[in-house]
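Report on the structure given below.
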Amino acid sequence: MNGAQDKLKVLFASAEAAPWAKVGGLGDVAAALPAALAGAAGSALDIRLILPFHAEIKRKNPTLGYLGAFSVPNQTGVFSAELYVASLHGITTYLLDSELTNHNSPVYYGDPALDGRKYAAFSVALLEAARFLDWQPDILHANDWHTALAVYALKTLYQQDSFFKETRSLMAIHNLPFNGYGSEFAMTELGFTPGTYEDLPDWARLTPLPLGIDAADQIVTVSPQYAREIQTRDFGCGLHEYLEKHHNKLIGILNGIDTRLWDPAADPYIPFPFTAADTNGKTLNKAALQRELHLEENPDIPLLTVVSRLDHQKGIGLLFDAIPDNARKPWQLVLLGTGSQDLEARAEDLMRQYPQKIVSLLRYDEAMAHKLYAAGDLFVMPSLYEPCGLSQMIAMRYGNIPVARATGGLQDSIINYHKAPDEATGFLFTEKTPEGLVSSLNSAILTFQEKETWAKLMNNAMNKDFSWKSSAQNYWSIYQEIKSKRE
Ligand code: ADP
C-alpha cells in the first residue's frame, strides 16, 4: 500500500496560496494544508498544488521552471495553456497561464463575468494540466467556486475520459455565498451544458459551486458548526434542502493556522517577542503601537483590534453602529482592513470623529496585521456568519482575546467565558445586533480589569493548539475513505 507506485496522488486546486496570492483565509489554507498533509501522511501521499499564474505571482518572481504548453478544448476549438512548476513550502506547485485565464489578471476582478471566465477556464485547464504531466490524480481537492467546475467536469465533460476514470473528488467549501454566479457564458463557451439534477434549484444549473457540490464524492466545510449551519435556511444560500438531503457526504473539519508563521515568540514583524509564560513583551508591543499610532500610551486602556476584509459578512457594521453610544468609555480601537466603499468611508468618518481613540488603517498590510495581533487586548470579530475564520485563532495565539459572534468556526474555536470561565479563551455572543456586541464587549472590558482572570484567559488562549496537525490527520482519513469507496 505504501510503495512508491501506491502513493495517493492528490491535486489541490486553489485560486490563492500565501504568500504568492492571498486575499483572505483561502490563501492561508492552500499554503498550509498541503504541507501539513504531507507531514501527516509522509511517503504515502503525493500532494501537489495548482494555481493560476496571477499577475501578482509574476511580480513576486518566484524561482520556477517552465514545463511546456498544452491544449485545452472548448466549443470553438482549443485554447493553449502553459505550465510552470515551483515549490511552495516544500510542495510541488504548478502555475497555469493562458489567454483564457487572462494573462496578468488580478486574483479576482470583482466582476462576475470576468472572474467566471477566468476560473471556468482554469478549472478545465487544470485537468488538462494533469494529463499533460501524465500524472493521474486519485483525488481532486477543489476549493470554493473557483475550482468547483473541475469537479463538475469530471462528472460531465470528462466522464468518458479513461485518464480520469479513477479520479475522485473533494469539494471544500470555504464560503458558500460566493458561488460563481455569472459564469454561465464562460461555461457554455467551454462546452458545459446546464445540470439536470433534480435536487438542485433552477438557478444552480449553470452555477459552479452547487454543481461542484453535487458532483463531488465528498463535501468538506471548514468547520463542523458551518457544516450544520448550511443545512438551515438562514445559512444555506438556497442550497440548504440539497445539503440536508445529502448530509451523508458532508463533513466539517476545522482549519488550523501556520503556527510557525504566527508565533509570538519568533515573529520578525513584532518588536518584542513573548510567550504564554512571559507576556511582558506583549505589554511592550502595546505601548509601541500606541506610540506609533499617536494613541495615549497607557497599559490600562483596553486596546480593541480588528484585522479583516471590510465586508458585510464580517459584521463590522455592528461595531460601527455601537461606537457613538459608547464613545465615553475608556477603550481604543485600531482597525486594519480594506473592502467595501461604504464600510471604508464609515471607518474614516469614525477616525475623524474620535481621533483620540480610533485609528482606521484602510490597507492590506501584513506587517501591521502581525503588530495588531501582538499588541491588542481584545480582537473584535462580530461576523454575521463565519465558515471558519483564521483571524480569531491567530489572535488567541497572541493573547489577543476574541469577542466574537457564536457562529461557524468562531463557535468551534473559541471557548466562551460565560459558559466555561476556567477554560475560556474568549467571549461569544449570539444576537446580530450592536447591543449584543456591546454587552459582550462590556463584560470583556470588565474582565480585562481583573488582572488575574485576564492573565488566565490569555494563558488559556495562547496555549490552545491551533496547528494544522489534527485537521491534517482528519483530511488524510477522508482521503483514504474516498479512495476506498473507489476500490
Ligand atoms: P476571510 O478568509 O473571510 O477573509 P479569515 O479570518 O479566514 O477571513 O482570514 C483572514 C486572513 O487575512 C488572516 O490571515 C488576516 O490576518 C488576513 N487579513 C485580513 N485583512 C487584512 C489586512 N487588511 N492586512 C493584512 N492581513 C489581513
Side-chain angles (χ1 to χ4, degrees), residues 24-25 286 289-290 293 295 301-365 368-369 371-373 375-387 389-396 398 400-411 413-414 416-418 425-448:
K286 177 173 171 180
L289 188 83
Q290 286 171 325
L293 300 178
L295 292 167
I301 301 179
L303 176 61
L304 278 52
T305 47
V306 172
V307 180
S308 181
R309 287 185 294 114
L310 296 184
D311 184 283
H312 181 66
Q313 171 203 341
K314 299 291 179 181
I316 305 294
L318 302 183
L319 175 64
F320 291 167
D321 289 348
I323 285 172
D325 284 346
N326 292 279
R328 267 195 247 278
K329 296 180 188 154
W331 48 261
Q332 298 165 339
L333 168 68
V334 182
L335 174 144
L336 173 67
T338 53
S340 87
Q341 279 180 359
D342 63 312
L343 288 172
E344 287 197 3
R346 287 187 76 189
E348 269 189 329
D349 274 356
L350 287 164
M351 176 160 75
R352 258 194 301 273
Q353 277 180 53
Y354 307 103
Q356 264 87 39
K357 37 193 337 154
I358 299 181
V359 176
S360 300
L361 305 168
L362 303 179
R363 57 177 191 260
Y364 187 92
D365 184 338
M368 183 53 82
K371 288 203 263 183
L372 290 193
Y373 287 120
D377 298 306
L378 290 163
F379 191 80
V380 189
M381 201 160 169
S383 306
L384 304 183
Y385 74 95
E386 193 59 75
L390 301 176
S391 312
Q392 81 282 8
M393 297 193 221
I394 302 170
M396 285 186 270
Y398 285 75
N400 190 344
I401 301 301
V403 176
R405 262 202 78 240
T407 181
L410 295 172
Q411 188 165 327
S413 62
I414 298 169
N416 189 2
Y417 182 72
H418 298 298
T425 60
F427 294 79
L428 289 171
F429 65 98
T430 45
E431 308 81 356
K432 277 188 202 168
T433 59
E435 294 74 27
L437 169 62
V438 168
S439 129
S440 197
L441 262 176
N442 280 343
S443 56
I445 288 173
L446 278 177
T447 316
F448 173 74

Next on the checklist: Applying salt bridge (Lys or Arg N to Asp or Glu O under 4.0 Å) to Asp349 and Arg352, what does each step give before you reach the verdict?
Outcome noted: CA-CA 5 Å; Asp349 274 356; Arg352 258 194 301 273; 2.7 Å; yes
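- Between the CG atom of Leu304 and the CG atom of Leu335 there is a distance of 10.5 Å, given to the nearest 0.5 Å.
- No more than 12 heavy atoms of other residues, nucleotides or ligands shown are found within 6.0 angstrom of NE2 on His312.
- Here the closest non-hydrogen pair linking Gly389 and Met393 is O-CE, 3.4 Å.
- Between the side chains of Ser340 and Asp311, no donor N or O sits under 3.5 Å from an acceptor N or O.
- Note: Phe427 and His418 have perpendicular aromatic rings, judged against thresholds of 30 and 60 degrees for the angle between ring planes.
- In this structure a side-chain-to-backbone donor-acceptor pair under 3.5 Å is missing from Ser440 to Leu437.
- Of all heavy-atom pairs spanning Asp377 and Ile301, the tightest one is OD2-O, 3.8 Å.
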Next on the checklist: Before you tell me yes or no, could you show the steps for Val359 and Leu295 under side-chain contact (heavy atoms from CB on, under 4.5 Å), namely the whole-Å CA-CA distance, both residues' side-chain angles and the distance that decides it to 0.1 Å?
Outcome noted: CA-CA 8 Å; Val359 176; Leu295 292 167; 3.9 Å; yes
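- Put simply, the side chain of Asn400 never gets that close to the backbone of Met396: no donor and acceptor are under 3.5 Å apart.
- Of the N and O atoms on the side chains of Thr338 and Glu344, not one donor lies less than 3.5 Å from an acceptor on the other residue.
- Side chain of Trp331 to backbone of Asn326: a donor-acceptor contact under 3.5 angstrom is found.
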Next on the checklist: Evaluate Ser413 against Gln392 for side-chain hydrogen bond (donor to acceptor under 3.5 Å, both in side chains), listing each step before the verdict.
Outcome noted: CA-CA 8 Å; Ser413 62; Gln392 81 282 8; 3.0 Å; yes
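- Between atom CZ of residue Arg328 and atom OH of residue Tyr354 there is a gap of 9.5 Å, rounded to the nearest 0.5 Å.
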Checklist entry - Please walk me through it: do Thr407 and Leu384 pass side-chain contact (heavy atoms from CB on, under 4.5 Å)? => result CA-CA 8 Å; Thr407 181; Leu384 304 183; over 6 Å; no
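- Atom-to-atom distance recorded for Ile316:CD1 and Asp342:CG is 12.0 Å, nearest 0.5 angstrom.
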Checklist entry - So Lys329 and Leu441, side-chain contact (heavy atoms from CB on, under 4.5 Å) or not? Walk me through it. => result CA-CA 11 Å; Lys329 296 180 188 154; Leu441 262 176; over 6 Å; no
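- Annotation for Leu318 and Pro382: closest pair CD1-O, 4.0 Å, computed over non-hydrogen atoms.
- In summary, the aromatic rings of Phe379 and Tyr398 are positioned with their centroids too far apart to meet the 6.0 Å limit.
- Interatomic distance, Asn416 CG to Leu410 CG, rounded to the nearest 0.5 Å: 11.5 Å.
- Pairing each heavy atom of Glu386 with each of Lys314, the nearest pair is OE1-NZ, 3.0 Å.
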Which atom pairs, one a donor and one an acceptor, fall under 3.5 Å between side chains of residues 428-436 and the rest of the protein, sequence neighbours left out?
{"residue": "Thr433", "atom": "OG1", "partner": "Gly436", "partner atom": "N", "Å": "3.0"}

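- Of all the heavy atoms in Ala347 and Leu362, the pair that sits closest is CB-CD2, 4.0 Å.
- Minimum interatomic distance between Gly376 and Thr305 (heavy atoms only, all atoms of both residues): CA-CG2, 3.7 Å.
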Next on the checklist: Determine whether Leu333 and Lys357 satisfy the following criterion, side-chain contact (heavy atoms from CB on, under 4.5 Å), listing intermediate values before the conclusion.
Outcome noted: CA-CA 6 Å; Leu333 168 68; Lys357 37 193 337 154; over 6 Å; no
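- Listed for the Gln332 side chain is no donor-acceptor partner under 3.5 Å among the backbone atoms of Pro302.
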